[in-house]
Amino acid sequence: MFLFTLCQVGAETTFKTEIRRLFPEFRLSFSRPGFLTFKVPDDLTLDNIADFANRSIFARMAALSLGKINLEKAETLNSLADKIWAITEANRIFVNRVHVFRRDPLVPGERGFEPGLTPELQALHRILIEHVPKQKFLGIHHTNPNYPAQPNETILNVVETDTDCYFVGIHAILEGLPIQFCYPGGVLPITIPDDAVSRAWLKFEEGLCWSGFPILQGDYCLDIGAAPGGSSQVLLSRGAKVLGVDPAAIEPSVLNHPHFTHIRSRISQTKRSLYRNIRWIIADINVAPNYTLNVLEELATRKDIPLCGMLFTLKLFHWSLVEHLPTYINRLQHWGFADIRVKQLVFNRQELMVAVQH
Ligand SMILES: C[S@@+](CC[C@H](N)C(=O)[O-])C[C@H]1O[C@@H](n2cnc3c(N)ncnc32)[C@H](O)[C@@H]1O
């Protein structure tokens, strides 16, 4: 029995260390940049995958492997589709949806690359659906490759790991699974809009979807490290009122928004009375994790702020900073947050996203 999983390119060593610690019974098997397989105990079930998904910070998705297919030179995608369905039938597996994706070729944001469905993957998805043995195998809206998987569905995962090399596996949408597992390869279908002023728009849009924070129209939000303004745009698009703190300049399109106020300063040099109405804090400052936490602790432990939650990045200037995560999480627990989640999201680079809520 094998499990395959995806992570960010470059995070593999840290990810393997995490798995050795969390699941010592797993044995690393085949791996490629951004794609790892593990030999797992024979009694591992789809429920265990949900547990894996929730405990791992670096796993973007995970599936029980059904096998690997290498296409011969002259073979077509039609023949690939037939082989994939033959594997599924041989295993007597009933699936409701098909996810087609590839391992990342680069780090997100590098040379313009961003994870997501390519036209080639969409074409393969279409061919797979055309070749499905019996329509009754599939669920609703199954022809849309990015339609979110529904609770209790079983998903057939087809991942292209190299040219003409594919792994096939399954996972199920069980309660409590992170939202990413509803989308191919764990990538939420988010594309950066033309008017986004920074790439940070992507990671905070993903971060807010992942956190599920119920930010309401008119909620006051504090954006620490707001410049040039991508994260504030995400908040403004949800109808929030944003106080952006940053010594650097904010792009005019954000600065002139009627619900945006810029405090042009370092957070430590601002007046605390400014934050009396703040319900949500977003922070993305390019400093070491302990400094980010020092800044947030000051605000999170005050009794006069009606704070609901915080979403922030911890910059991993060195991967070895991950070793200090238990200490960071311990600090967050002491501030009284009931729900603490940490994940390397798809659009994060060498950093982690943290969501904490009361
Ligand atoms: C990665 S950028 C933030 C990107 C921004 N959130 C966006 O969405 O466009 C980091 C920012 O943190 C700011 N920064 C660093 N230390 C800070 C501090 N102590 N207080 C406020 N801002 C700080 C920097 O000036 C820089 O603009």
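Ligands are counted one by one from 1 in listed order, and the atoms in each one are counted from 1 as well. Being a predicted model, the structure only gives us computed values, none of them experimental.
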Within a strict 4.5 Å, meaning less than it, do heavy atoms of the [X] and [Y] side chains meet?
{"X": "Gln150", "Y": "Ile173", "result": "no"}
{"X": "Leu80", "Y": "Glu75", "result": "no"}
{"X": "Phe312", "Y": "Ile285", "result": "no"}
{"X": "Leu124", "Y": "Glu160", "result": "no"}
{"X": "Leu28", "Y": "Ile19", "result": "no"}

Can you pull out the closest protein heavy atom to [atom]? Residue, atom name and distance to 0.1 Å, please.
{"atom": "atom 3 (C) of ligand 1", "value": "Gly225 O, 3.1 Å"}
{"atom": "atom 14 (N) of ligand 1", "value": "Ile285 CG2, 3.6 Å"}
{"atom": "atom 18 (C) of ligand 1", "value": "Arg266 NH1, 3.7 Å"}
{"atom": "atom 15 (C) of ligand 1", "value": "Asn286 OD1, 3.3 Å"}
{"atom": "atom 10 (C) of ligand 1", "value": "Asp284 O, 3.2 Å"}
{"atom": "atom 13 (C) of ligand 1", "value": "Asp246 OD2, 3.1 Å"}

If we only consider heavy atoms of Tyr291, is any one of them less than 4.0 Å away from an atom in ligand 1?
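Right, Tyr291 reaches ligand 1.
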For atom 4 (C) of ligand 1, which of the options Gly229, Ser198, Ala227, Ala226 provides the nearest non-hydrogen atom?
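Among Gly229, Ser198, Ala227, Ala226, the closest heavy atom to atom 4 (C) of ligand 1 belongs to Ala227.
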Can you name the atoms of ligand 1, numbered from 1 with element, that are less than 4.0 Å from a heavy atom of [X]?
{"X": "Pro228", "result": "9 (O)"}
{"X": "Val245", "result": "21 (C), 22 (N)"}
{"X": "Gly230", "result": "7 (C), 8 (O), 9 (O)"}

Taking distance alone, with N or O pairs closer than 3.5 Å, would you say [X] contacts ligand 1?
{"X": "Ser231", "value": "yes"}
{"X": "Val287", "value": "no"}
{"X": "Ile267", "value": "yes"}

Through direct or indirect side-chain contacts below 4.5 angstrom among Ile, Leu, Val, Met, Phe, Trp and Tyr, which residues connect to Phe113?
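Once heavy-atom contacts under 4.5 Å are chained together, Phe113 belongs with Leu106.
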Does any pair with a residue in residues 226-238 pass side chain to side chain donor-acceptor pair (under 3.5 Å), and if so which ones, sequence neighbours excluded?
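For residues 226-238, and leaving out neighbouring residues, the side chain to side chain donor-acceptor pair (under 3.5 Å) pairs sorted by first residue read Glu205-Arg238, Asp223-Ser231, Asp223-Ser232.
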Are Trp280 and Tyr275 connected in the hydrophobic side-chain network, where two residues link if heavy atoms are under 4.5 Å apart?
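No, separate clusters.
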Between Asn330 and Thr327, do the side chains contain an N or O donor and an N or O acceptor separated by less than 3.5 Å?
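Absent: no donor and acceptor within the cut-off.
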